[in-house]
Structures are given as C-alpha cells and as structure tokens.
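Below is one structure, written out as structure tokens; comments come after it.
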Amino acid sequence: SALGMFPRYKDALMERGRGYMDRGRYDEATVLFKTVLRMDREYPSLSDWLVRASAHRERKNAAAEEAAQGLGSQETEYCMAWRQTGDCDAAGPREPSADRGCRSPVDRGLSGFCECRGGLGLAGESG
C-alpha cells in the first residue's frame, strides 16, 4: 500500500480517514486527520473533516451512553424507571438488566419498584 511505502503520504492518510468515516470508525478517522494536521496545517478541507469526525464521534458516544441508560427517554413527570428485583420481593436483589422505562408495561408476577422523582413510590396502573 502507499502508506506502507510512504507513511507520511497525506493524500492516502486523508483517503483512509474518509473511508473510516464512511464505516462509522470515527475515532480512527480522527487520529488520521490529526496526523495530517501535524504534517500540513493548510491541507485543503482538513478542518472540515476534523469537525465532522469529532461531531460524529460525540454523537456516537452520546447515543451509546443513552442506550446504556436506555430508560431516560421514557421518564415522565413523576416516574424515572421501573427497577426490577428478584425473589418476588420489592426489597430483593436488584436485577438491573431487566429494568424498564416508565412507558413500558410491567408484566404481572414481576417484583420491583417504581423509582419516582423525589424517592420511591407506588407505580400507577398501566393500561
């Protein structure tokens, strides 16, 4: 490859960075764009690509964080989330992988509690 023979070949670095962008590999693209920046601060449209890569990376990280929490989008004025517990007891061991959002129905027979704004409380009827 051109980069194997000429590791400081700016056009090839930029092309690889754009390819990473197309595949959603924004961290790797950012590294390549910053490498070109260190070699040539005036490279055409480099700043645009750096901004794009950074913005996509931030959005991707924010989406991953939101997906990890996953419940925040279903919060209501009073409810934050349904917190699943085990042993058929609201005070039983927590089962966080089974937590649900406020707008999701809770099946009969599950144990847990509604985490309400301002503390714990009774969940309203779903329906």
> Can you list every salt bridge (charged side-chain N to carboxylate O under 4.0 Å, His left out) pair that touches residues 34-46, not counting sequence neighbours?
Replying inline: Lys10-Asp40
> What residues form a ring pair (Phe, Tyr, Trp, His ring centres under 6.0 Å) with Tyr26, not counting sequence neighbours?
Replying inline: His56
> Does Glu95 have any salt bridge (Lys or Arg N to Asp or Glu O under 4.0 Å) partners at least two apart in sequence or in another chain, and if so, which?
Replying inline: none
>> Applying side-chain hydrogen bond (donor to acceptor under 3.5 Å, both in side chains) as the test, list every pair that has at least one member in residues 43-53; sequence neighbours left out.
In response: Asp11-Tyr43
> Below 4.5 Å, heavy atoms only, C-beta onward: do Leu32 and Arg18 meet side chain to side chain?
Replying inline: no
> Are we looking at SG atoms under 2.5 Å apart for Cys102 and Cys79?
Replying inline: yes
> Counting only N and O atoms by type, is there a donor-acceptor contact under 3.5 Å from the side chain of Arg83 to the main-chain atoms of Cys114?
Replying inline: no
> Do Tyr9 and Met39 come close enough that some side-chain heavy atom pair is under 4.5 Å?
Replying inline: no
Donor-acceptor pairs under 3.5 Å, side chain of residues 85-93 to any protein atom, not counting sequence neighbours: which ones?
{"from": "Thr85", "atom 1": "OG1", "to": "Asp89", "atom 2": "O", "distance (Å)": "2.6"}
{"from": "Thr85", "atom 1": "OG1", "to": "Ser111", "atom 2": "O", "distance (Å)": "3.4"}
{"from": "Thr85", "atom 1": "OG1", "to": "Ser111", "atom 2": "OG", "distance (Å)": "3.3"}
{"from": "Thr85", "atom 1": "OG1", "to": "Gly112", "atom 2": "N", "distance (Å)": "3.3"}
{"from": "Asp89", "atom 1": "OD1", "to": "Ala91", "atom 2": "N", "distance (Å)": "2.9"}

> Who are the side chain to side chain contact (heavy atoms under 4.5 Å, CB included) partners of Pro44, not counting sequence neighbours?
Replying inline: none
>> I'd like to know if the side chain of Ser104 and the backbone of Arg100 have a donor-acceptor N/O pair within less than 3.5 Å.
In response: no
>> If you compare all heavy atoms of Thr30 against all heavy atoms of Leu50, which two are closest, and at what distance to 0.1 Å?
In response: O-CD2, 4.2 Å
> Can you list every salt bridge (charged side-chain N to carboxylate O under 4.0 Å, His left out) pair that touches residues 19-28, not counting sequence neighbours?
Replying inline: Arg25-Glu28, Asp27-Arg57
> Could you give the distance from CG (Leu46) to CZ (Phe33), rounded to the nearest 0.5 Å?
Replying inline: 7.5 Å
